[in-house]
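See below for the structure under consideration.
All figures in this text were calculated on a predicted structure; none of them were measured in a lab. Just so it is clear, the values below take in all heavy atoms, side chains as well, and ignore hydrogens, waters and symmetry mates.
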Amino acid sequence: QVQLVESGGGLAQAGTSLTLSCAASGGTFSTYHIGWFRQAPGKEREFVASITRYTGGSTKYADSVKGRFTIARDNGKNTAYLQMNSLEPEDTAVYYCAADTTLHHILEDTVSVASWGQGTQVIVSS
């Protein structure tokens, strides 16, 4: 089972960019589908983006981030990324990456997700 560590969060001004990283260890990273999720204060965790395993040929995005965020993976570095552009105060949240060999778990059944990172805080000021 892969272990995940997020990094790259911090304080950003609205309109600027941040790139989050999700470093994996202890498993064969390329065999895992990866998802990014976020949880804002007082709200439930929500899906942000996903990328399929191996070549990452298929990606999905929440409507709220479509066109602004880009998910990517580098299997040689065992790392997934979330490039966040045109940040908005509404993007303020703790961001988590998740990994599972079953895409359905990432997209529809997060209770069954095999691995979660510890999260990285993103704060966007207006």
Side-chain angles (χ1 to χ4, degrees):
Q1 185 163 314
V2 68
Q3 289 79 51
L4 306 173
V5 178
E6 302 95 335
S7 62
L11 179 63
Q13 288 193 329
T16 63
S17 300
L18 280 176
T19 299
L20 305 183
S21 298
C22 173
S25 62
T28 305
F29 178 71
S30 62
T31 67
Y32 288 85
H33 305 287
I34 301 296
W36 282 97
F37 296 80
R38 66 187 183 185
Q39 187 167 20
K43 295 187 177 181
E44 293 188 355
R45 183 177 62 201
E46 65 175 358
F47 170 82
V48 175
S50 66
I51 187 167
T52 50
R53 60 184 175 177
Y54 303 123
T55 63
S58 179
T59 57
K60 288 186 182 292
Y61 296 92
D63 288 343
S64 59
V65 306
K66 202 171 294 184
R68 299 188 299 121
F69 290 11
T70 302
I71 189 171
R73 66 187 301 153
D74 184 337
N75 293 332
K77 295 183 178 180
N78 291 339
T79 302
Y81 304 94
L82 185 68
Q83 173 69 41
M84 307 186 295
N85 297 330
S86 302
L87 284 165
E88 303 171 353
E90 292 74 21
D91 296 319
T92 294
V94 177
Y95 284 72
Y96 301 89
C97 63
D100 203 291
T101 56
T102 301
L103 184 60
H104 176 77
H105 292 169
I106 297 289
L107 296 181
E108 303 287 347
D109 182 20
T110 57
V111 173
S112 299
V113 164
S115 300
W116 290 93
Q118 84 289 347
T120 186
Q121 176 77 58
V122 172
I123 299 174
V124 183
S125 62
S126 57

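- L87 CG to S126 OG: the interatomic distance, rounded to the nearest 0.5 Å, is 12.5 Å.
- Clustering of Ile, Leu, Val, Met, Phe, Trp and Tyr side chains at separations under 4.5 Å leaves V5 isolated, with no partner residue.
- Of the possible donor and acceptor atoms, none in the side chain of Q121 sits under 3.5 Å from a partner among the backbone N and O of G10.
- One finds the OG1 atom of T101 at 9.5 Å from the CD1 atom of I106 (value rounded to the nearest 0.5 Å).
- More than 12 non-hydrogen atoms from other residues, nucleotides or ligands lie less than 6.0 angstrom from NZ of K66.
- Within the 4.5 Å cutoff, the side chain of W116 has heavy atoms near those of the F37 side chain.
- Of the possible donor and acceptor atoms, one in the side chain of D74 sits under 3.5 Å from a partner among the backbone N and O of K77.
- Taking OG of S115 as the reference point, atom CG of D100 lies at 7.5 Å (rounded to 0.5 Å).
- Note that the CD1 atom of I51 and the OH atom of Y81 stand 11.5 Å from one another [nearest 0.5 Å].
- The shortest distance between side-chain heavy atoms of N85 and F69 does not fall below 4.5 Å.
- Only one option out of V122, T70, V65 pairs with M84 in a side-chain contact (heavy atoms from CB on, under 4.5 Å); it is V122.
- Without hydrogens or angle criteria, E46 side chain to E44 main chain gives no donor-acceptor distance under 3.5 Å.
- Across L20, L18, V94, a single residue satisfies side-chain contact (heavy atoms from CB on, under 4.5 Å) together with T120, and that is L20.
- Of the possible polar contacts, one joining the H33 side chain to the R53 backbone as a donor-acceptor pair under 3.5 Å is found.
- For the atom pair CG of D109 and CG of L103, the computed distance is 11.5 Å after rounding to the nearest 0.5 Å.
- With contacts defined as side-chain heavy-atom distances shorter than 4.5 Å, the pair T19/L82 does not qualify.
- Side-chain contact, Q13 with S125: no donor N or O sits under 3.5 Å from an acceptor N or O.
- Judged by distance alone, with hydrogens and angles left aside, the side-chain atoms of T52 form a donor-acceptor pair with the main-chain N or O of S58 at under 3.5 Å.
- Contact detail for I34 and R73: the closest heavy-atom pair is CG1-NH1, 3.9 Å.
- Here the straight-line distance linking atom CH2 of W36 with atom OH of Y61 works out to 12.5 Å at 0.5 Å rounding.
- L107 and V113 fall within the same hydrophobic cluster, defined by Ile, Leu, Val, Met, Phe, Trp and Tyr side-chain heavy atoms under 4.5 Å apart, directly or through other members.
- Minimum interatomic distance between S86 and S17 (heavy atoms only, all atoms of both residues): N-OG, 4.3 Å.
- Contacts classified as side-chain hydrogen bond (donor to acceptor under 3.5 Å, both in side chains) and involving residues 88-98 (residues at least two apart or in different chains) are given here: R38-D91, R38-Y95, R68-D91.
- Of all non-hydrogen atoms in A24 and F29, the two that sit nearest each other are CB-CD1, 3.3 Å.
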